Amino acid sequence: MFDRVWLNAHLATMQGEGLGLVEDGAVAARGGRIAWVGPRAALPGPAAETVDCAGAWILPGLIDCHTHLVFGGDRAAEFEQRLEGASYEEIARAGGGILSTVRATRAASEDALLAAARPRLAALMAEGVTTVEIKSGYGLDLETELRQLRVARRLGETAAVSVRTTLLAAHAVPPEFAGRRADYARHVAEVILPAAAGAGLADAVDAFCERIAFTLEETALVFEAARAAGLPVKLHADQLCDFGGAALAARYGALSADHLEYASTAGIAAMARAGSVAVLLPGACYFIREERRPDIAAMRAAGLRLALASDLNPGSSPALSLLLMLNLGCTLFRLTVAEALRGVTVVAAAALGLADRGRLAPGLRCDLALYRIARPAELCYWIGGNPCIGRVVGGHVVEEQRGEGLR
């Protein structure tokens, strides 16, 4: 007998190369995992509980695979500066940008950071997100980096969502290491990273490899330390110029390289061969008015898998909506509907190294997002709407939203 069955629904299973559509389908769960999925007429056996979805669409729970959700303060003043003509790089070099958030985050207690992060996470969950990655990177010292990671862990323990944590201590050079960037990279590799790994607070390690951040050699030093600690790596790569980040990510077998507006054809091909995922972040491209777009044609030609994420952060993508990223991914980057929706489900799962979610298939976690829509393309089409009527995490219905709910 199944624990629970969702009936009278249409399914986008993400099986195969497309959306894996099943009209008039059903999903059955047992022990927190999907036990059966397919046409309702073929559903075997009874269930302890049946949920009538009234014609809703069921997708795998959405996955936001790149966020900086835990931070202090905001950067609305810098938004005004950019509107008046200052560039992202000019603001960063003047002590703003990441460092202004570092000051606010260092000054905030763990409870204050948790309280500020909760509504941001709730906004993502309300749209159907069931797994979210949260990076550190606004502490840039041992104490605050660990504090950010502890807050991320607490969010996962207290909210109906899976949280994956990523150490991003190599995000910028802190004031106390001004003029000593290489020394700080060694500090990350030799002090901060081992401490985070030893405390079990990091699921992966990330770095910002860019002309305003860390060199290829400094990033490699951090990646070697991650390898020694048994942690997979990710990389902020080739956002502002072709800095060789995509190729470096490939060399270390990175789970993903993210941004990639300036990634070369050779770097893209190297990532595809290495099995890394390209995480596209249209929110940042839009918000900082970057005219360069990732080379989607080259990525498709190389067979590189494409994920989408919010890049939720206070400076370059203050975005509280993963559904908005679906629209921006299609309109700015010209992704297809299938590419966009797979990019926040099955490919996003791969970008986090998670093989147990992102599709509707027997044996996987029963993480579901239910939508009152007529067709999946609506999730990419509407701007500002939220048709999510419920989420299921680990087989449990955790919320019913937006009036009608599920009968």
Side-chain angles (χ1 to χ4, degrees), residues 14-19 60-68 129 131-135 162 164-166 168 203-209 219 223 226 231-239 244-285 293-312 317 322 325-326 328-330 333 335-336 338-359 364:
M14 305 301 158
Q15 294 278 53
E17 297 300 316
L19 296 180
L62 304 191
I63 299 170
D64 195 343
C65 63
H66 182 131
T67 85
H68 305 251
V129 170
T131 299
V132 61
E133 184 252 22
I134 301 177
K135 303 179 191 294
S162 294
R164 302 293 288 180
T165 59
T166 299
L168 181 59
D203 298 315
V205 172
D206 198 347
F208 188 17
C209 183
T219 302
F223 280 6
L231 292 174
V233 297
K234 304 168 69 68
L235 187 63
H236 285 60
D238 301 335
Q239 178 186 8
L248 180 69
R251 177 150 57 93
Y252 279 90
L255 291 174
S256 73
D258 305 24
H259 287 291
L260 300 172
E261 283 86 343
Y262 287 83
S264 67
T265 301
I268 288 169
M271 283 182 60
R273 290 193 299 270
S276 300
V277 171
V279 178
L280 307 178
L281 305 172
C285 193
R293 303 287 187 260
D295 191 344
I296 302 299
M299 293 177 180
R300 287 171 177 152
L304 184 60
R305 293 174 295 172
L306 308 179
L308 276 175
S310 70
D311 192 19
L312 168 55
S317 186
L322 190 58
M325 297 306 111
L326 290 173
L328 292 180
C330 292
F333 296 168
L335 299 183
T336 66
E339 286 172 332
L341 291 175
R342 289 177 64 82
V344 296
T345 52
V346 59
V347 185
L352 297 179
L354 299 174
D356 65 343
R357 66 199 72 186
R359 294 177 291 123
L364 301 190

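These numbers come from a predicted model, not from an experiment. What you see below is based on every heavy atom in this structure, not just the backbone, and it leaves out hydrogens, waters and symmetry mates.
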Measure across [X] and [Y] and return the closest heavy-atom pair with its distance rounded to 0.1 Å.
X: Cys65; Y: Ala348; answer: CB-O, 3.8 Å
X: Val205; Y: Leu231; answer: CG2-CD1, 3.8 Å
X: Gly358; Y: Thr345; answer: O-CB, 3.5 Å
X: Asp238; Y: Ala246; answer: OD2-N, 3.0 Å
X: Arg342; Y: Gly16; answer: NH1-O, 3.1 Å
X: Phe223; Y: Leu235; answer: CZ-CD1, 3.7 Å

Does the side chain of [Y] come within less than 4.5 Å of [X]'s, by heavy atoms?
X: Met299; Y: Met271; answer: no
X: Leu326; Y: Leu341; answer: yes
X: His66; Y: Lys234; answer: no
X: Leu281; Y: Glu261; answer: no
X: Lys135; Y: His236; answer: yes
X: Ser162; Y: Arg357; answer: yes
X: Leu19; Y: Met14; answer: yes
X: Leu308; Y: Pro282; answer: yes

[atom1] of [X] to [atom2] of [Y]: how many Å apart, nearest 0.5 Å?
X: Leu260; Y: Cys285; atom1: CG; atom2: SG; result: 11.5 Å
X: Ile268; Y: Asp295; atom1: CD1; atom2: CG; result: 5.0 Å
X: Leu322; Y: Asp64; atom1: CG; atom2: CG; result: 4.5 Å
X: Thr166; Y: Leu255; atom1: OG1; atom2: CG; result: 8.5 Å
X: Leu280; Y: Ile296; atom1: CG; atom2: CD1; result: 4.5 Å
X: Asp258; Y: Ser276; atom1: CG; atom2: OG; result: 10.0 Å

Any donor-acceptor pair under 3.5 Å from Thr165 side chain to Asp203 backbone
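Confirmed, Thr165 side chain pairs with Asp203 backbone.
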Donor-acceptor contact below 3.5 Å, side chain Arg251 vs main chain Ala270:
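Looks like no, no N/O pair under 3.5 Å.
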Side chain to side chain contact (heavy atoms under 4.5 Å, CB included) partner of Val132, chosen from Leu312, Ile63, Thr67
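Result: among Leu312, Ile63, Thr67, Thr67 is the only option passing the side chain to side chain contact (heavy atoms under 4.5 Å, CB included) with Val132.
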For the pair His68 and Asp311, evaluate side-chain hydrogen bond (donor to acceptor under 3.5 Å, both in side chains) and give the outcome as yes or no after the intermediate values.
CA-CA 7 Å; His68 305 251; Asp311 192 19; 3.3 Å; yes
Please name all residues satisfying side-chain hydrogen bond (donor to acceptor under 3.5 Å, both in side chains) with Arg359, sequence neighbours left out, ordered by chain then number.
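For Arg359 the side-chain hydrogen bond (donor to acceptor under 3.5 Å, both in side chains) partners, ignoring immediate neighbours, are Gln15.
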